[in-house]
Amino acid sequence: QVKLVESGGDLVQPGSSLTLSCTASGLVWSYYAAGWFRQAPGKEREAISCISDSDNSALYAEPVKGRFTMSIDNAADTAYLVMNNLQPEDTAVYYCAALKTAGLEYCTLDANEYDYWGQGIQVTVAS
């Protein structure tokens, strides 16, 4: 049974940094792409980034380019999202997700393609 658990959410001030972790059980990241998504109150779910462990290159949505960095540590079964220069508009529940790739170099920002989801974790950016 696949399970994804997010951690690292917090209340921080604007300009701060946070690192979110997504620890997986029941899957090996080498055969999956990882994605991060978020949903703010009253808004639709928004894609943030994705990465394929096969080539370890990530895609980023425009609002987070240059501020967020995604990576996978296979040895730790964990995907990370390093978030720098956080702003109030980054406040949301953040979700990680896993997409079966069978080891192919592929990831997507389309949430509909993902097979497994974490329960989400709150990130709040406020003065």
Side-chain angles (χ1 to χ4, degrees):
Q1 182 179 357
V2 174
K3 188 175 182 182
L4 303 176
V5 179
E6 301 96 338
S7 62
D10 205 349
L11 166 62
V12 297
Q13 293 187 337
S16 299
S17 298
L18 269 181
T19 297
L20 300 184
S21 301
C22 174
T23 301
S25 57
L27 66 79
V28 176
W29 280 120
S30 296
Y31 301 102
Y32 288 80
W36 284 98
F37 300 81
R38 67 186 180 187
Q39 188 165 20
K43 294 188 177 181
E44 293 189 354
R45 183 173 51 192
E46 175 186 28
I48 299 173
S49 66
C50 69
I51 192 168
S52 166
D53 182 61
S54 298
D55 63 357
N56 218 22
S57 61
L59 298 177
Y60 298 95
E62 284 298 327
V64 305
K65 274 184 181 178
R67 298 190 298 128
F68 291 11
T69 303
M70 189 174 180
S71 63
I72 289 179
D73 181 345
N74 238 324
D77 296 325
T78 301
Y80 299 97
L81 183 68
V82 177
M83 305 184 292
N84 295 318
N85 191 23
L86 284 162
Q87 299 300 316
E89 53 266 33
D90 295 315
T91 295
V93 176
Y94 283 69
Y95 300 89
C96 74
L99 161 66
K100 295 177 187 176
T101 64
L104 297 175
E105 297 177 6
Y106 174 76
C107 80
T108 177
L109 296 178
D110 183 352
N112 293 319
E113 293 203 32
Y114 283 78
D115 300 293
Y116 302 102
W117 290 83
Q119 81 287 351
I121 194 160
Q122 180 69 44
V123 172
T124 303
V125 185
S127 315

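Position 1 is the first residue of the sequence; numbering continues from there. These figures come from a predicted structure and were not determined experimentally.
- In this structure, CG on Leu20 lies 7.5 Å from OG on Ser7, to the nearest 0.5 angstrom.
- The minimum heavy-atom distance between Leu4 and Cys22, with the atom names listed, is CB-SG, 4.0 Å.
- Residues Glu46 and Pro63 are in side-chain contact: their nearest non-hydrogen atoms beyond the backbone lie under 4.5 Å apart.
- Across Gly15 and Gln87, no two heavy atoms sit closer than the pair N-NE2, 3.9 Å.
- Under the 4.5 Å side-chain heavy-atom criterion for Ile, Leu, Val, Met, Phe, Trp and Tyr, Tyr31 and Trp29 are members of the same hydrophobic cluster.
- Here the closest heavy-atom approach between residue Ser49 and residue Leu81 is recorded as OG-CD1, 3.7 Å.
- At distances below 3.5 Å, at least one donor-acceptor pair connects side-chain atoms of Ser52 with backbone N or O atoms of Leu104.
- In the hydrophobic cluster analysis, where Ile, Leu, Val, Met, Phe, Trp and Tyr join through side-chain heavy atoms closer than 4.5 angstrom, Val64 is grouped apart from Val82.
- Residue Tyr116 is grouped with residue Ile51 when hydrophobic side chains (ILVMFWY) are merged at heavy-atom distances under 4.5 angstrom, including chains of intermediate members.
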Subject >> Verdict with supporting geometry, Arg67 and Tyr60, side chain to side chain contact (heavy atoms under 4.5 Å, CB included) >> reply: CA-CA 10 Å; Arg67 298 190 298 128; Tyr60 298 95; over 6 Å; no

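- Heavy-atom minimum distance, Ile72 versus Ala34: CD1-CB, 4.0 Å.
- Between Leu27 and Ala98, the shortest heavy-atom contact is CD2-CB, 3.8 Å.
- With a 4.5 Å cut-off on side-chain heavy atoms, Val123 and Met83 count as touching.
- Taking the six-membered ring where tryptophan is involved, the planes of Trp117 and Tyr95 are perpendicular, since the angle between them exceeds 60° and thus also 30°.
- A distance-only check finds no donor-acceptor pair linking the side chain of Tyr32 to the backbone of Ala97 [under 3.5 Å].
- The backbone N or O of Tyr80 sits nowhere less than 3.5 Å from a side-chain atom of Ser21 that would complete a donor-acceptor pair.
- Looking only at distances, a side-chain donor or acceptor of Thr91 sits under 3.5 Å from a matching main-chain atom of Val125.
- With contacts defined as side-chain heavy-atom distances shorter than 4.5 Å, the pair Tyr106/Glu113 qualifies.
- Shown here is Gln13, whose CD atom has no more than 12 heavy atoms of other residues, nucleotides or ligands within 6.0 Å.
- Put simply, the side chain of Asp10 never gets that close to the backbone of Val12: no donor and acceptor are under 3.5 Å apart.
- No side-chain donor from either of Asp77 and Thr23 sits under 3.5 Å from a side-chain acceptor of the other.
- The aromatic rings of Phe68 and Tyr94 sit tilted, their planes meeting at an angle between 30° and 60°.
- At least one side-chain heavy atom of Asp90 sits under 4.5 Å from a side-chain heavy atom of Arg38.
- Of all non-hydrogen atoms in Gly120 and Glu6, the two that sit nearest each other are N-OE1, 3.0 Å.
- Residue Val5 is not grouped with residue Phe37 when hydrophobic side chains (ILVMFWY) are merged at heavy-atom distances under 4.5 angstrom, including chains of intermediate members.
- For the atom pair Ser16 OG and Asn84 CG, the distance stands at 10.0 Å (nearest 0.5 Å).
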